[in-house]
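Read the structure below first, then the notes.
Proteins get letters first, then strands, A, B, ... in listed order; numbering begins at 1 in each.
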2 protein chains.
Amino acid sequence: MDDLTEMLKGTLEGCVLEIIGREETYGYAITRQLHELGFADVVEGTVYTILLRLERNKLVQVTKRPSGVGPPRKFYALNDAGREELARFWTKWQYVSSRIDRLKEGGR
Amino acid sequence: MDDLTEMLKGTLEGCVLEIIGREETYGYAITRQLHELGFADVVEGTVYTILLRLERNKLVQVTKRPSGVGPPRKFYALNDAGREELARFWTKWQYVSSRIDRLKEGGR
DNA sequence: TACCACTATACGGTATCACCGAGTAGCAGA
DNA sequence: TCTGCTACTCGGTGATACCGTATAGTGGTA
């Protein structure tokens with residue numbers, strides 16, 4: 001699938017939140033998980049900018065741990081604000097996607 | 001629903017294409033139609049920027065007609081390139097939204 | 001006549017977001 | 001020593017929706 005970047009704006013961050021919400025994880029692993037999910041063109045740099053933004057906006061708790069196979073990893077976990085933001089994201093997604101689907105199905 | 005603007009990036013233009021694809025119409029009417037569809041916060045200025053962009057990218061055919069109740073209207077209709085772009089949009093939407101839904105439903 | 005409301009479009013500037021590219025760094029195997 | 005994989009950072013770019021304002025035609029009303 002070619003160039004989804006514009007369509008991912010506003011949703012990719014939510015996807016990252018969802019992934020972090022399942023279990024504490026780190027940037028490099030999140031990137032690979034996104035690839036497996038079908039977002040094959042999302043590059044590492046993008047994921048890290050999102051993670052830094054989440055950290056700046058105080059939606060995550062960060063813990064640095066040694067890796068054993070490379071540089072130390074920064075593990076991310078949602079805090080209360082992050083879980084609220086994630087809930088808001090899914091509410092918005094539900095709203096927007098249902099309305100677009102209705103439009104697609106010929107809804108007026 | 002509050003502040004959907006980021007999530008609409010990359011999809012609003014496609015929605016406008018879809019609306020134009022159904023019947024020749026003009027900016028002011030498109031705005032009201034979007035409001036009825038649930039995108040209540042989309043303002044006129046946004047729709048006009050999209051329309052000017054569609055025109056610049058040669059995806060639409062434009063006809064100016066007098067209105068009777070105000071200034072002349074610029075009617076927009078899709079041309080072949082516009083119809084192709086619309087089809088591409090729905091393909092992308094299908095791809096992206098299905099994957100996000102899968103993520104939402106706990107799919108890894 | 002003056003004012004207001006509704007219809008209708010245009011445009012310069014702004015914020016946000018994903019992406020790009022380059023850099024830094026640790027570890028393992030050939 | 002060199003290559004490849006792992007892992008994170010950061011400055012700059014382009015696309016997009018939004019904001020605010022301006023312009024303009026028509027009709028109603030005080």
Side-chain angles (χ1 to χ4, degrees), chain A residues 1-17 24-35 39-57 59-60 62-76 85 89 92 96 100, chain B residues 1-17 24-35 39-57 59-60 62-76 85 89 92 96 100:
Chain A
M1 178 61 55
D2 53 303
D3 201 20
L4 306 172
T5 90
E6 290 309 325
M7 201 171 276
L8 288 178
K9 284 193 181 174
T11 58
L12 195 53
E13 180 179 312
C15 294
V16 171
L17 275 175
E24 199 191 39
T25 181
Y26 57 98
Y28 194 78
I30 293 169
T31 306
R32 282 180 307 183
Q33 208 167 333
L34 285 170
H35 291 179
F39 306 111
D41 294 336
V42 174
V43 292
E44 293 177 15
T46 299
V47 176
Y48 288 116
T49 28
I50 291 175
L51 291 173
L52 291 174
R53 193 162 67 227
L54 294 179
E55 190 175 354
R56 197 171 62 241
N57 295 341
L59 300 173
V60 288
V62 187
T63 316
K64 197 170 230 171
R65 298 213 186 88
S67 152
V69 297
R73 297 166 173 161
K74 277 178 74 178
F75 281 84
Y76 293 83
E85 181 60 30
F89 167 72
K92 279 192 198 179
V96 170
I100 292 179
Chain B
M1 179 63 51
D2 53 304
D3 201 21
L4 306 172
T5 87
E6 289 309 324
M7 202 172 275
L8 289 177
K9 283 190 181 176
T11 59
L12 194 54
E13 180 179 312
C15 294
V16 171
L17 275 175
E24 197 189 41
T25 181
Y26 57 99
Y28 194 78
I30 293 170
T31 306
R32 283 181 306 184
Q33 208 166 335
L34 285 170
H35 290 179
F39 305 112
D41 295 335
V42 174
V43 293
E44 294 176 10
T46 300
V47 175
Y48 289 115
T49 21
I50 291 174
L51 291 172
L52 292 173
R53 192 162 68 228
L54 294 178
E55 189 175 354
R56 198 172 62 241
N57 295 341
L59 300 174
V60 287
V62 185
T63 316
K64 196 170 230 170
R65 297 212 187 89
S67 153
V69 296
R73 297 167 173 161
K74 278 178 74 178
F75 282 84
Y76 293 82
E85 181 60 30
F89 167 72
K92 278 192 199 180
V96 170
I100 292 177

Report task. At under 4.0 Å between heavy atoms, which parts of nucleotides 4-13 of chain C does protein reach? Answer with one letter per nucleotide, 5' to 3': B base, S sugar-phosphate only, - none. Result -> ---BSBSB--

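Atom CD of Glu85(B) and atom C1' of dT16(D) are 14 Å apart (whole Å). Across the protein-nucleic acid pair, Ile50(B) atom CD1 and dA15(D) atom P stand 15 Å apart, rounded to whole Å. Glu13(A) places its CD atom 6 Å from the P atom of dC17(C), with the value rounded to the nearest Å. Separating the NZ atom of Lys92(A) from the P atom of dT16(C) is a distance of 13 Å, rounded to the nearest angstrom. Put simply, CG on Leu12(A) is 17 Å from P on dT16(D), counting in whole angstrom units. Look at CE on Met7(A): it is 18 Å from P on dC17(C), rounded to the nearest Å. Counting to the nearest Å, the P atom of dT16(D) and the CG atom of Leu4(B) are 19 Å from each other. Distance CG (Leu8(B)) to P (dC17(C)): 13 Å, rounded to an integer number of Å.
Taking 4.5 Å as the limit, every side-chain heavy atom of Leu4(B) sits out of range of all side-chain heavy atoms of Asp41(B). In this structure, Leu8(B) and Val96(A) have side chains that are in contact, with non-hydrogen atoms separated by less than 4.5 Å. Side chains of Leu51(B) and Lys74(B) form no contact here, defined as non-hydrogen atoms less than 4.5 Å apart. In this structure the side chain of Glu6(B) never reaches within 4.5 angstrom of the side chain of Glu13(A), judged on heavy atoms. Residues Glu55(B) and Tyr76(B) have side chains in contact (heavy-atom distance under 4.5 Å, counting atoms from C-beta outward).
The distance from the OH atom of Tyr48(A) to the OH atom of Tyr26(A) is 8.5 Å, given to the nearest 0.5 Å.
Closest to the side chain of Glu6(B), out of dT16(C), dA17(D), dC19(D), is dT16(C).
Overall bending of the helix from dT1(C)-dA30(D) to dA30(C)-dT1(D), expressed as the angle between end axes built from five pairs apiece, is 20° (10° steps).
Under the 3.5 Å distance criterion, the side-chain polar atoms of Lys92(B) are left unmatched by any main-chain donor or acceptor of Thr11(B).
At a cut-off of 3.5 angstrom, counting only N and O atoms as typed in the model, there is no donor on one side facing an acceptor on the other between the side-chain of Lys9(B) and the base of dA18(C).
At dA17(D), one or more side-chain N or O atoms of Arg53(B) fall inside 4.0 Å of OP1 or OP2 (strictly under the cut-off).
Considering Ile30(B), Val47(B), Ile50(B) in turn, Val47(B) is the only one that fulfils the side-chain contact (heavy atoms from CB on, under 4.5 Å) rule with Val42(B).
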Requested in this report: Start with the C-alpha distance between Arg65(A) and Glu24(A), add both sets of side-chain angles, then the distance that settles side chain to side chain contact (heavy atoms under 4.5 Å, CB included), and finish with yes or no.
Outcome: CA-CA 12 Å; Arg65(A) 298 213 186 88; Glu24(A) 199 191 39; 3.1 Å; yes

